[in-house]
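Letters go in sequence order (proteins before strands), and every chain restarts at 1.
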Amino acid sequence: MSSNALSFSDMKLATWNINSLAVRLPQVLDWLQVHEPDVLVLQETKLTDDKFPHAELQRAGWQAQCFGQRTYNGVALLSRQPADEPVHNIPGFDDAQARVISASVKGLRVVGAYFPNGQEPGSDKFAYKMAWLDALESWLRAQLARYPNLVLMGDFNIAPEDRDVYDPEAWRGKIHCTDEERAHFRNLIGLGLVDGFRLFEQAPKSWSWWDYRNLAFRRNQGLRIDHILVSESLKSKVLSCSIDKTPRKNERPSDHAPVLAELAWPAH
DNA sequence: ATGACCCAAGGATTGGGA
């Protein structure tokens, strides 16, 4: 607590699809204690807001904005400092599913998102994914004008390039890897966002998700579908971006690993 | 092998995930 107005302190941001917060809360609390992020966005909490574990998180030192629903989806934004101007989902896009939560923390606009899965090209769910992505993009264009310092992070359910797929030939044209989904990812980049992970040298075969089946984690057969995108004005402030595989080794893991980024940011 | 695993709901299976 020795910072002053002129000092800079790294701001740690993270995203994690935890596939049920009810099941994974102990792991989230452990992870928070180890990494002490300023912001952690969660996807697939699968909890209505009345069941959100505010008390346990508060005891550990994090406050939470939550936006949940029964059974599926559900997102949350945990932060050390207060989160201001919370917004749920994509304004103007009528959606029964709880997928986006945004707020400002220490002057940074954070958008945490759980992109639709899409199931299979040609399906109704794929059409919904495409409509959702269209809406996200037009909303984000305006958000970036309003908040030049913006981070979009979450489970994108898109593997942007072949190097983000353990077997690109087998996955070609399959969900997460279709040309349409990848075009949408490039649209997001075109809005003035940068893939934080690719700002740095990374080990080949870096994934953020591994199927529960087929011993996929042990064989390192996965996809990189969880991302942290930063606005252009933040690009030079990104100090690191990495995937933390450690929680995937837990006894009852989520199928996703958290993605972490550090920003040089004025102390508040 | 149109499989395999995990979760919620519900109280056996099914839908959804990716």
Checklist entry - So what does A:K174 touch, heavy atoms closer than 4.0 Å: a base, only the sugar-phosphate, or nothing? => result nothing
Item to check | Between B:dC6 (P) and A:Q43 (CD): distance, integer Å | outcome: 21 Å
Next on the checklist: If only side-chain N and O atoms count, and only distance matters, is there a donor-acceptor pair under 3.5 Å linking A:Q63 with A:S79?
Outcome noted: no
Checklist outcome for this item: With the side chain defined as heavy atoms from C-beta on, A:W209 is closest, among B:dA18, B:dC6, B:dC7, to B:dA18
Checklist entry - When rounded to the nearest Å, what value does the distance between P atoms of B:dA1 and B:dT13 take? => result 27 Å
Checklist entry - Hey, is the side chain of A:N19 poking within less than 4.0 Å of OP1 or OP2 on B:dC6, counting only N and O atoms? => result no
Next on the checklist: Taking only side-chain N and O atoms of A:Y114, does any of them lie within less than 4.0 angstrom of OP1 or OP2 on B:dA18?
Outcome noted: yes
Next on the checklist: Rounded to whole Å, please give me the gap between CG in A:N214 and C1' in B:dC5.
Outcome noted: 9 Å
Checklist entry - For A:N157 and A:Y114, does a side-chain donor sit closer than 3.5 Å to a side-chain acceptor? => result no
Checklist entry - Does A:R252 make a side-chain N or O approach to OP1 or OP2 of B:dC7 shorter than 4.0 Å? => result yes
Checklist outcome for this item: Out of B:dG17, B:dC6, B:dA8, minimum distance to the side chain of A:R24 belongs to B:dC6
Next on the checklist: Would you say A:N19 and A:S254 are linked by a side-chain donor-acceptor pair, where the criterion is simply a distance under 3.5 Å?
Outcome noted: no
Checklist entry - What nucleic acid atoms does A:L215 come within less than 4.0 Å of, heavy atoms only: base, sugar-phosphate, or nothing? => result nothing
Item to check | Side chain of A:T71 (C-beta onward), nearest among B:dG17, B:dA9, B:dA18 | outcome: B:dA9
Item to check | Donor + acceptor pair across side chains of A:W16, A:D226 (<3.5 Å) | outcome: no
Next on the checklist: Under 4.0 Å from OP1 or OP2 of B:dA18: is there any side-chain N or O of A:H256 that close?
Outcome noted: yes
Next on the checklist: What's the gap between B:dT2 and B:dA12 when it is taken at their P atoms, as a whole Å value?
Outcome noted: 31 Å
Next on the checklist: Taking the P atom in each of B:dG10 and B:dG16, what is the distance between them to the nearest angstrom?
Outcome noted: 14 Å
Next on the checklist: When the C1' atoms of B:dA4 and B:dA9 are compared, how many Å lie between them, rounded to an integer?
Outcome noted: 23 Å
Checklist entry - Going by atom types alone, do A:K237 and A:N149 pair a side-chain donor with an acceptor below 3.5 Å? => result no
Checklist outcome for this item: When rounded to whole Å, the NZ to P distance for the pair A:K51 and B:dC7 reads 17 Å
Next on the checklist: Rounding to an integer number of Å, can you tell me how far A:Q27 CD sits from B:dC7 C1'?
Outcome noted: 14 Å
Checklist entry - Quick one: A:W171 CH2 to B:dA18 P, roughly how many Å, whole number? => result 10 Å
Next on the checklist: Taking the minimum atom-to-atom distance to the side chain of A:Y72, which one of B:dG16, B:dA18, B:dG17 wins?
Outcome noted: B:dG16
Checklist entry - What about A:N157: does its side chain form a donor-acceptor pair under 3.5 Å with the base of B:dA18? => result no
Next on the checklist: Could you tell me how far apart A:L25 (CG) and B:dC7 (P) are, to the nearest whole angstrom?
Outcome noted: 14 Å
Item to check | Selection from B:dA4, B:dG15, B:dC7 that lies nearest to any side-chain heavy atom of A:R213 | outcome: B:dA4
Checklist entry - Using a cut-off of 4.0 Å on non-hydrogen atoms, how would the nucleic acid contact of A:N73 be classed: base, sugar-phosphate, or nothing? => result nothing
Item to check | Nearest-Å distance for atom pair CD/C1', residues A:Q119 and B:dT2 | outcome: 14 Å
Item to check | Phosphate contact (B:dG17 OP1 or OP2) by A:N17 side-chain N/O below 4.0 Å | outcome: no
Next on the checklist: I'd like to know if the side chain of A:S104 pairs up with that of A:R109 as donor and acceptor (distance under 3.5 Å, no hydrogens or angles considered).
Outcome noted: yes
